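Please read these numbers as outputs of a predicted model, since none were measured by experiment. Letters A, B, ... are given to chains in the order of the sequence lines, protein chains preceding strands, and every chain is numbered from 1.
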Amino acid sequence: MSDFKHIIAKRKRQDFLFNIVGILCTLVGILTLGALLADLLIDGLVRINWTFLTSFPSRFAERAGILSSWVGTLLIMIVTAATAVPLGVAAGIYLEEYARRNWVTNLIEINIANLAGVPSIIYGLMALSLLVYQFRLGQSVLTGGLTLAFLILPIVIVATREALRTIPQGIREAAYALGSTKWQVVRHHLLPYSLGGTMTGIIIALSRAIGETAPLITIGALTFIAFLPPPPIKGQAPFVSFEWLTSPFSVLPIQMFNWVSRPDQDFVVNAAGAGLVLIFVTLLLNAIAIAIRYRVRKRIKW
Amino acid sequence: MEEIPSLQHPVAAAADLAQHSPPAETPSARRRLSRLKERFIEALLFLAAFSSVAITLGIVGTLVYESSTFFAHVSIREFLTAPLWTPLFSPPRFGIMPLVMGTLVTTAVALAVALPIGTVVAIYLSEFAPVRVREVIKPALELLSAVPTVVYGYFALQFMSPLLQKVFPGLPTFNMLSAGVVMGIMIIPYVSSLSEDAMRAVPMSLREGAYAMGANRIITAIRVVYPAALSGIVASYILAISRAIGETMIVAIAAGMQPNLTLDPREPAATITAFIVQVSLGDLPHGSIGYQSIFAAGVTLFIMTLIFNILGYILRKRFREVY
């Protein structure tokens, strides 16, 4: 009998010990995140002010700013979103609602799974050869935006499919029973109902694209640029201009990379400042995505 | 038969009717038009889905095309066996092994951090943690993989290196160890989240069986749940390996840029990805040997990740359990 108690006590102790180990391992991740934020704040907070946001890069660390790089990031994101969102959502709808089970569908599905595992720098190499030189798009905002759009396309497709999959079959059947065509079902029911899930995926994908550095370096984004692309809105008719698409660019992570690889400690402070802006934007986007997911989950009860 | 605008907002329904009414005088003409429209939309959607295949073809095509000019004047034998990688010096040497070793060493360090910690976290979250703790911890950990990698590079160079220098005196500022450790922490959520999903999908009855036999939680987790979820867990490990091999900015910033044929993670060394970044930063005339060499490096990287992805596919099939 005492043997038995002994065994039980031992097993409970094992469980307790693992509980501690589990909490410690979890803390490794959480504490690193905390240390990273603290490190950036301590190093870079002094640099965060209006001049930093509205100045061009400079040879002098105190005068250097991130104006051209955040404008570049913004423009690239516009191109990326305008390409990846319609393409990815359409592909997701096709695969989930239209595709017949045949080898073409299988090929597309295996292909998307594999694309998600391709290193981002490989997309950069592809864009360098194909977009920059074959299609002669140059080392422009358009090339950069398309490159990142290709990169996040699998994420958008998967998110769209998952969002569509949560809609009960009964909704589709009800709409068909009332005489809707397939596209009407998609357009008036499935798209609106899956909007929350799709939006979450799109925002997460864009936050990933904002932080991407390697593919843009590969296609030849500039590390030092002291002018802005031409504005999209003009004073005279036709009032809009797409010249900015062909402009050379830099983006925030490349600016940060450029500063962090300099030996001068003053520029490292700039790097931390740029890092703070970058991490603020990505964490903000992730928070928005989590908030949308939470609200959707709460609101919709099938 | 009239088409019934079902369950729509009245305004949207009216707009929809107005849209395809003008040429449609008879119901049958209208139906034909509507069928045409449906066909057209389906074709468009198919093209969108097929664009992903076009991207893959683009990747494989450009890699093969651009590196074929490289391999026209560098033999594959030299590429795989020469101990030096100095494509931009004279005389140039084209041995990819130093870069491959750099990639493998940083990957090994990252996995030594991410696999044990990620697995323990997954077991903890799936089998031990209260639901409310899990609901908070899981998204918090996932933020780790949302941080831009260039920020991790900064962290590895400015925080992890000085920290590790206290443990290993004489550690150079640029070294594979700190880059690898930070990379490992970055990929913890890939392992923990996916493994946890896999473990939670294991049916409760298996656990209850183990408990009924007198097993405690940890024994149940290790002997019953982990093997039952192995297919999903292996998938998460493979994803982590792919991420580590392809990771660029952390190693480009913190591991150094010199190709270095070594197994010692305390030394600086360039990885395949770091080399591509380094060359791309310079002026890169189209068709020059520097331009070709990054595609040769890219092919190597692509094949390495492909091997792991195929391996993962095989292992996943092998360990699949169906309940």
Side-chain angles (χ1 to χ4, degrees), chain A residues 11 14-15 18-19 21-22 25-26 28-30 32-33 35-36 39 87 90-91 93-95 98 107-108 111-112 114-115 117-122 125-126 129-130 133 150 153 175 178-183 188 207 211 213-214 217-218 253 256-257 260-261 268 271 275 278-279 282 286 290, chain B residues 3-4 6-8 34 38 41-42 45-46 48-53 55-56 58-59 62 66 117 120-121 123-124 128 137 139-141 143-144 146-151 153-155 157-159 185 188 216-218 242 246 248-249 253 273 276-277 280-281 286 294-295 298 301-302 305 309:
Chain A
R11 301 231 160 135
Q14 284 176 346
D15 271 1
F18 186 83
N19 227 323
V21 173
C25 282
T26 313
V28 170
I30 305 287
T32 307
L33 197 61
L36 184 133
D39 191 34
L87 212 55
I93 291 172
Y94 178 80
L95 291 174
Y98 284 82
L107 175 77
I108 294 174
N111 177 61
I112 288 169
N114 275 326
L115 269 186
V118 173
S120 63
I121 198 163
I122 300 280
L125 288 176
M126 185 263 271
S129 168
L130 207 61
Y133 290 114
F150 296 160
L153 192 62
L178 290 168
S180 296
T181 62
K182 193 151 205 166
W183 175 244
H188 296 294
S207 93
T213 324
I217 292 180
T218 313
M256 182 181 177
F257 173 59
V260 81
S261 28
V268 172
L278 196 56
I279 214 166
T282 44
N286 274 274
I290 291 173
Chain B
E3 207 177 73
I4 300 165
S6 63
L7 293 180
Q8 298 168 1
S34 141
E38 289 287 319
I41 285 167
E42 181 169 350
L45 295 177
F46 172 77
F50 202 75
S51 69
S52 69
V53 178
I55 292 172
T56 305
I59 288 174
T62 51
E66 297 281 4
I117 293 184
V120 169
V121 170
I123 294 177
Y124 172 72
F128 286 81
I137 294 288
L141 275 179
L143 284 184
L144 272 177
V147 173
T149 56
V150 66
V151 176
Y154 175 92
F155 182 70
L157 186 63
Q158 298 290 328
F159 186 90
I185 295 171
I188 286 176
N216 58 1
R217 283 186 173 215
I218 182 65
S242 287
T248 309
M249 295 322 288
I253 292 172
T273 50
I276 297 175
V277 162
S280 304
L281 281 172
H286 184 211
I294 61 173
F295 284 94
L301 185 69
F302 187 71
T305 50
N309 284 341

Checklist entry - Can you tell which of A:Leu107, A:Leu278, A:Leu95, A:Asn114 has the highest number of heavy-atom pairs within less than 4.5 Å of chain B? => result A:Leu278
Checklist entry - Between atom CZ of B:Phe155 and atom CD1 of A:Ile279, what is the distance when rounded to the nearest 0.5 Å? => result 10.0 Å
Next on the checklist: Quick check for you: among B:His286, B:Gln158, B:Glu66, which has the greatest number of heavy-atom pairs under 4.5 Å with chain A?
Outcome noted: B:His286
Checklist entry - What part of A:Leu115 is in contact with chain B, defined as an atom under 4.5 angstrom from a non-hydrogen atom: side chain, backbone, both or neither? => result side chain
Item to check | Nearest heavy atoms of B:Val120 and A:Cys25, plus distance in Å | outcome: CG1-SG, 3.7 Å
Checklist entry - Any side-chain heavy-atom pair from B:Thr62 and A:Leu125 closer than 4.5 angstrom? => result no
Item to check | Minimum heavy-atom distance between B:Val151 and A:Met256, given as atom pair plus value | outcome: CA-CE, 3.9 Å
Checklist outcome for this item: Max heavy-atom pairs within cutoff under 4.5 Å with chain A, candidates B:Thr56, B:Ile123, B:Val147, B:Leu157, goes to B:Thr56
Checklist entry - Using a cut-off of under 4.5 Å for heavy-atom pairs, which of B:Phe302, B:Tyr154, B:Phe159 has the most such pairs with chain A? => result B:Tyr154
Checklist entry - Any idea which of A:Ile93, A:Leu130, A:Leu153 has the most non-hydrogen atom pairs under 4.5 angstrom with chain B? => result A:Leu130
Checklist outcome for this item: Honestly, the part of B:Thr248 sitting under 4.5 Å from a heavy atom of chain A is side chain
Item to check | Structural part of B:Ile185 lying under 4.5 Å from a heavy atom of chain A | outcome: side chain
Checklist entry - What distance do A:Ile122 atom CD1 and B:Phe295 atom CZ have between them, rounded to the nearest 0.5 Å? => result 9.5 Å
Item to check | Spacing of CD1 belonging to A:Ile108 relative to CZ belonging to B:Phe46, to within rounding of 0.5 Å | outcome: 5.0 Å
Checklist entry - Quick one: are A:Val118 and B:Thr305 in side-chain contact, heavy atoms under 4.5 Å? => result no
Item to check | Under 4.5 Å from a heavy atom of chain B, the part of A:Tyr133 involved | outcome: side chain
Next on the checklist: I want to check something: taking the side chain as every heavy atom from C-beta on, are A:Leu36 and B:Leu144 in contact at a cut-off of under 4.5 Å?
Outcome noted: no
Checklist entry - Measuring from A:Ile290:CD1 to B:Leu143:CG, what's the distance to the nearest 0.5 Å? => result 5.5 Å
Next on the checklist: Show the nearest heavy-atom pair for residues B:Ala140 and A:Ile30, with the distance to one decimal.
Outcome noted: CB-CD1, 3.9 Å
Item to check | Residue, of A:Pro253, A:Ser120, A:Gly275, that accumulates the most heavy atom pairs under 4.5 Å with chain B | outcome: A:Pro253
Checklist entry - Looking at CD1 of B:Ile41 and NZ of A:Lys182, how far apart are the two atoms once the value is rounded to the nearest 0.5 Å? => result 12.0 Å
Checklist entry - Is chain A contacted by the side chain of B:Glu38, its backbone, both, or neither, given a heavy-atom distance below 4.5 Å? => result side chain
Checklist entry - Based on non-hydrogen pairs under 4.5 Å, which of A:Gly211, A:Gly117, A:Ala91 is most in contact with chain B? => result A:Ala91
Next on the checklist: Quick one, A:Ile121 and B:Ser280 - any side-chain contact, counting heavy atoms below 4.5 Å?
Outcome noted: no
Checklist entry - What distance do B:Leu281 atom CG and A:Ser261 atom OG have between them, rounded to the nearest 0.5 Å? => result 7.5 Å
Next on the checklist: Checking A:Asn19 now: which residues fulfil side chain to side chain contact (heavy atoms under 4.5 Å, CB included) with it, not counting sequence neighbours?
Outcome noted: A:Ile23, B:Tyr124, B:Phe128
Item to check | For chain B, the option from A:Pro119, A:Ser207, A:Ala271 that forms the most heavy-atom pairs under 4.5 Å | outcome: A:Pro119
Checklist entry - Taking side chain as C-beta onward, heavy atoms only, is A:Thr218 less than 4.5 Å from B:Ile276? => result yes
Next on the checklist: Report which part of A:Leu87 has an atom under 4.5 Å of a heavy atom belonging to chain B: side chain, backbone, both, or neither.
Outcome noted: both
Next on the checklist: With a 4.5 Å cut-off on side-chain heavy atoms, are B:Ile59 and A:Phe150 touching?
Outcome noted: no
Checklist entry - With sequence neighbours left out, what residues match B:Ser242 under side chain to side chain contact (heavy atoms under 4.5 Å, CB included)? => result B:Asn309
Checklist entry - If you count heavy-atom pairs under 4.5 Å between each of A:Val260, A:Ile217, A:Thr26, A:Asp15 and chain B, which one has the most? => result A:Asp15
Next on the checklist: Please classify the contact of A:Thr282 with chain B as side chain, backbone, both or neither, using a heavy-atom distance under 4.5 Å.
Outcome noted: side chain
